[in-house]
Amino acid sequence: MSPARPRLAVWKFASCDGCQLTLLDIEDHLLDVAGALDIAYFPEATKGEVEGRYQLSLVEGSITTPHDAERIREVREMSETLVTIGACATAGGIQALRNWADVDEYLSIVYAEPRYIDTLSTSTPIEHHVRVDFELRGCPISKHQLIEVIDAFCHQRKPGIPRHSVCVECKLRGTACVMVAQGIPCMGPITQAGCGAICPAYDRGCYGCFGPSQDPNIDSLAAWWKRLEVSDVDLVRALRTFNAYSPEFREASEAYERRA
Ligand code: SF4
Ligand code: SF4
């Protein structure tokens, strides 16, 4: 039987902790969350630990070791609802660059004693390993979207997270398009909204932190970037930044890599 207040657990896999910190950065709403949920397991914030089951698990980070591939299955078994948070957990993160590299070569360069390192040759999203109930994108995630996901869980409804592109956010805040007006390459047309279009507001192109928007037209973006004299090599680099192992960015980066 479920406890009076649903239990929340926050788990970390291969990641920088930035998305977990977003939960601590929700300021006034943190007290509301603590009132609605029993924060039972959150090592980043407290030493206190209540053993599962947990009604809601937030999972940060990607799977990069055999141990973590086992651990995520245990987390899934203990969790009634499992939500992945951030680009690492939903798309492999920056560490997914290893998926196109020789990991043994990396190990020999980075570590003095590589024989002590037990790692997988890939960094993969959580959904490659266990069933995921909802993916919250971003590097880091948006605190407003995190509150929406928690509120939706508390009221047993679907989270209202938009899948449209960052371009819509530019229009909403009245930012002149940096790609059209200034010729700055921008990932916004193929990137999911959520950041508030911060980078274009400061005269920079979008870096694609929130991963692919719904049905991204990557070929159209590539044609625009070609007009701006961006090479295919740089396009591949842009697609393989924070969300390299999302299906859309992965497939497009491999196609443009073959062409480069
Ligand atoms: S998605 Fe970005 S901010 Fe979140 S844990 Fe990964 S690297 Fe850090
Ligand atoms: S600046 Fe980028 S995100 Fe904004 S409207 Fe132009 S292409 Fe879209």
Side-chain angles (χ1 to χ4, degrees), residues 10-26 42-45 58-64 68 72 83-98 123-127 132 135-143 145-146 149 162-214 216-218 220-228 230 235 238 240-246 249:
V10 184
W11 308 92
K12 172 185 165 64
F13 289 82
S15 58
C16 82
D17 290 22
C19 288
Q20 291 185 69
L21 290 175
T22 303
L23 182 55
L24 297 175
D25 191 34
I26 58 176
F42 190 5
E44 180 83 13
L58 301 177
V59 178
E60 174 196 83
S62 65
I63 301 300
T64 58
D68 280 352
I72 190 60
V83 174
T84 48
I85 56 170
C88 298
T90 60
I94 293 171
Q95 57 273 28
L97 285 173
R98 70 165 66 181
S123 167
T124 44
I126 299 298
E127 70 150 7
V132 170
E135 290 186 314
L136 185 61
R137 301 227 181 118
C139 181
I141 54 172
S142 148
K143 60 182 173 185
Q145 291 193 341
L146 179 61
V149 166
R163 295 286 333 266
H164 59 238
S165 75
V166 176
C167 295
V168 175
E169 294 189 309
C170 267
K171 302 306 171 217
L172 288 172
R173 66 186 290 167
T175 301
C177 176
V178 299
M179 194 146 70
V180 171
Q182 300 185 52
I184 297 172
C186 179
M187 292 277 282
I190 60 169
T191 300
Q192 183 170 303
C195 62
I198 298 169
C199 291
Y202 289 91
D203 290 333
R204 291 183 305 182
C206 163
Y207 290 90
C209 307
F210 277 65
S213 55
Q214 193 162 33
N217 190 340
I218 299 176
S220 174
L221 184 88
W224 261 94
W225 280 30
K226 203 171 182 66
R227 270 178 251 157
L228 299 174
V230 177
L235 174 63
R240 290 182 187 167
T241 310
F242 311 101
N243 292 275
Y245 229 51
S246 64
F249 285 6

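Computed over heavy atoms, backbone and side chain alike; hydrogens, waters and symmetry mates excluded. Just so you know, ligand 1 is whichever comes first in the structure, and atom 1 is the first atom listed for that ligand. All of these numbers come straight from a predicted model, not from anything done at the bench.
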* What's the spacing between Cys177 SG and Gln182 CD if we round to 0.5 Å? -> 9.0 Å
* So, is Cys170 placed with an N/O/S atom under 2.8 Å from atom 8 (Fe) of ligand 2, counting both backbone and side chain? -> no
Find all atoms of ligand 2 within a distance of less than 4.0 Å from any non-hydrogen atom belonging to [X], and give their numbers and elements.
| X | value |
| --- | --- |
| Lys171 | 5 (S) |
| Pro189 | 7 (S) |
| Gly188 | 3 (S) |

Please give me the minimum heavy-atom distance between [X] and [Y], naming the atom from each residue.
| X | Y | value |
| --- | --- | --- |
| Gly61 | Cys88 | CA-CB, 3.7 Å |
| Leu24 | Phe42 | CD2-CE2, 3.8 Å |
| Leu221 | Cys186 | CD1-O, 3.2 Å |

* atom 2 (Fe) of ligand 1: protein N, O or S atoms that are less than 2.8 Å away, sorted by chain -> Cys139 SG
Check for a donor-acceptor pair, side chain of [X] on one end and backbone N or O of [Y] on the other, with a separation under 3.5 Å.
| X | Y | value |
| --- | --- | --- |
| Gln214 | Arg163 | no |
| Glu44 | Leu21 | no |
| Arg137 | Pro212 | yes |
| Arg173 | Gly196 | yes |

* Are side-chain N/O atoms of Gln95 and Thr64 paired as donor and acceptor at under 3.5 Å? -> no
* Structure fact -> Under 4.0 Å from one or more heavy atoms of Glu60, ligand 1 contributes atoms 5 (S)
Name the closest protein heavy atom to [atom], giving the residue it belongs to and the distance to 0.1 Å.
| atom | answer |
| --- | --- |
| atom 8 (Fe) of ligand 2 | Cys167 SG, 2.3 Å |
| atom 2 (Fe) of ligand 2 | Cys186 SG, 2.2 Å |
| atom 6 (Fe) of ligand 2 | Cys177 SG, 2.3 Å |
| atom 1 (S) of ligand 2 | Val178 N, 3.3 Å |

* Report the C-alpha separation of Tyr207 and Cys199 in whole Å, then their side-chain angles, then the decisive distance to 0.1 Å, and conclude whether the side-chain contact (heavy atoms from CB on, under 4.5 Å) test is met. => CA-CA 8 Å; Tyr207 290 90; Cys199 291; 3.9 Å; yes
